[in-house]
Amino acid sequence: MHNTLTRVQNVFGFFTSVAFAAAAAIAISVLLSPQAPTASLELRSVQVVKGRPHYYSTKREEYAHIKFDLDADLTTLFNWNTKQIFLYITASYPSSDPSTIPPSEAVIWDAIIPSNYAPWHQNTYIHPTPKATTKVKKTAKKGKKEIGKAYPAGAQPGIIKLDGQKPKYQITDVSSKIADRSNATLTLHWNIQPWVGALVWTNTKTVGRWQGLQGGEAKFNFPPLKGTEVKKDELKTETGGERNRGSPA
Amino acid sequence: MFGSLASLQPRQLAAQVLNFALVLSTAFMLWKGLSVFADSSSPIVVVLSGSMEPAFQRGDLLFLWNRGQETQVGEVVVYNVRGKDIPIVHRVIQRFGGGSTPLQLLTKGDNNAADDTELYARGQSYLDRSQDVIGSVVGYVPFVGYVTILLSEYPWLKTAMLVFMALTVVLQRE
C-alpha cells in the first residue's frame, strides 16, 4: 500500500505541475499574437427626455437615448487563448468640476462575442442581419444552425457592422440632469476574457505586437430636454441575451 | 496504525506536530502576504453564482488587485453588500466622481438583465470604491475553485479531507 500511495502521489504531483506550467505558458504566449483592431464609431442620434428609465426609478429624471453606427474589425483580437470578447460602448461627459473630478462614464450598449471554440451560451450576442437581406428567424428549438451568430453571415468573430443601433441602456446622471452637457464622447471598449490568464482591456497605445485601437471614438453634445413630441417607440432599448431577467442574481 | 504512533519518542512526536504546524502557518502566511501585496482582504475568490456567465462560471478562481483606486467602467469588481458578508462579482457599468470626491460605481452582472441597484443596501444607490469594493479582477483560472464549492455544499467532505490529510502526514514519517 505504501508503494501504491507513493505512486499515486507522484503522478498527481506531476500532473498538477505540468498543468500549472501549461496554463502559465498559454497565458503568457498571448503577448506573441499580433493585434490590429480598427473601428469606426459614429453617433446617429441622441435624445434627452424626462421620465422613469429604470425599474427602480421613484421619480421622473432626465435620461439620454443614444443611437449609434458601428463598423469594427476586431478579428485580430481573437487568438488561441480568447474565450470571448465583452464589447461595450460608453458615453462619457465632464463632471461638475473638471479640474478635480474625472469625467462621468456610463455604458450604453454591450455585446458578448464568443470565440468559435467557446461552447454556446444563451447570453452571447446575436448580430442583426443587414436590412437588405431577409430576416433569419430565430427558432430556439431545433439545432444550432438556425441560431444567429455573433458576426454577420460569412464573416468571422470580431466583425461588427451596425447601423442606427438602439442602445441597451438609457443613461442618467446622479444629479438627475443630463440635458445640455457638452464635450461628451462616445467610446468603444473591449474586455478580452481568456481561457486562462490575465484579463485585458482596450489598448489605445501600441504595446509590442499589439497595435492600439484605431478610431472608435465620437464626440457629441447632449441636446436640450425634449418635450412630449418624442414618440414612445423611438425610446425603446435593445434587449440583450441575459438569462436572469427579473431581479438581479 | 496507533501502535506505530505509540512507539514514537516524545521528541519525534513533537517534531511531527511542529512540522504540521509549520505547513499550516506557511500556507496562512502566503495567503496573508498575497493579501498585503494586492491590498485586498480576499485576493483570491471563487465564483459562486452564474450571474457573470459566460465569462465566469461557478467554480472559477479569480485573482484580485485592489491598488487601482480609479476603477474604470468595464472592469469586473468584487464587492460586499453593506451589512452582509456575501461577495458579489459583477462588472462596473457606470461611474461618477473620483478625484477629490468619493468614486461611485454602479455594477451589473453580465447574465443579469437588470443592474445591481436592488442588491445594494437599503438607501444605497451606488457602491463606494474605497469602502465597498474588495478588489478588481485581473486574472482568472477556470474550474480550479470548484473544490471549495463542493466543500461548502457537502460539509462531510471537509472532515473527510482533514482526516485524510492528517493520516498521510502521520503515516509518511515512518
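Sequence lines set the chain letters: A, B, ... in the order given, protein chains first and strands last, and positions in each chain run from 1.
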Which answer fits [X], side chain, backbone, both or neither, if we ask what part of it has an atom under 4.5 Å from a heavy atom of chain A?
X	result
B:V138	backbone
B:E70	side chain
B:F63	neither

Fill in: B:D115 side chain near A:Y169 side chain, heavy-atom distance below 4.5 Å
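With C-beta onward as the side chain, the pair stays apart.
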Worksheet item: Under 4.5 Å between any side-chain heavy atoms of B:Q94 and A:V107, yes or no?
Response: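 Result no, sub-4.5 Å side-chain heavy-atom pair not found.
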Worksheet item: Who among B:V137, B:V141, B:D110 has the most heavy-atom pairs with chain A under 4.5 Å?
Response: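 With the most close heavy-atom pairs to chain A, the winner is B:D110.
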Item to complete: Find the one option among B:A114, B:G74, B:G139 whose heavy-atom pairs under 4.5 Å with chain A are most numerous.
Response: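 Top count of heavy-atom pairs under 4.5 Å with chain A: B:G74.
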Discussion item. Taking 4.5 Å as the heavy-atom cut-off, does anything in residues 189-199 of chain A contact chain B, and if so which residues?
Written reply: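 Against chain B, the residues of residues 189-199 of chain A that fall inside the cut-off (heavy atoms, under 4.5 Å) are A:N191, A:Q193, A:P194, A:W195, A:V196, A:G197, A:A198, A:L199.
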State the [atom1]-[atom2] distance between [X] and [Y], to the nearest 0.5 angstrom.
X	Y	atom1	atom2	answer
B:S125	A:H54	OG	NE2	10.0 Å
A:Y88	B:R91	OH	CZ	7.0 Å
A:I101	B:L103	CD1	CG	11.0 Å
B:I93	A:E105	CD1	CD	12.0 Å
A:K83	B:Y140	NZ	OH	3.0 Å
A:W201	B:Q72	CH2	CD	11.0 Å

Taking side chain as everything from C-beta outward and backbone as N, CA, C, O, which of these in [X] sits under 4.5 Å from a heavy atom of chain B? Side chain, backbone, both or neither.
X	answer
A:F20	neither
A:D97	neither
A:S95	neither

Worksheet entry | Heavy-atom pair count under 4.5 Å with chain B, highest-scoring of A:A118, A:S104, A:G241 |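 Maximum pair count with chain B is reached by A:S104.
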Worksheet entry | When A:T124, A:V200, A:I112, A:T90 are compared by non-hydrogen pairs under 4.5 Å with chain B, the top option |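 Result: the option with the highest number of such pairs is A:I112.
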Restricting to non-hydrogen atoms, name the atom on [X] and the atom on [Y] that form the minimum distance, rounded to 0.1 Å.
X	Y	answer
B:R95	A:P103	NE-O, 4.0 Å
A:V174	B:Y126	CG2-CE1, 3.6 Å
B:F96	A:T172	CZ-O, 3.7 Å
A:P102	B:G99	CD-N, 3.6 Å

Worksheet item: Crowded around B:R11 CZ? As in, over 12 foreign heavy atoms under 6.0 Å?
Response: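 It does not: B:R11 CZ has 12 such atoms or fewer within range.
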Discussion item. I'd like to know if the side chain of A:N244 pairs up with that of B:N111 as donor and acceptor (distance under 3.5 Å, no hydrogens or angles considered).
Written reply: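 Side chains of A:N244 and B:N111: no pair found under 3.5 Å.
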Fill in: A:N123 side chain to B:E53 backbone, donor-acceptor under 3.5 Å
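Between the backbone of B:E53 and the side chain of A:N123 there is a qualifying donor-acceptor contact (under 3.5 Å).
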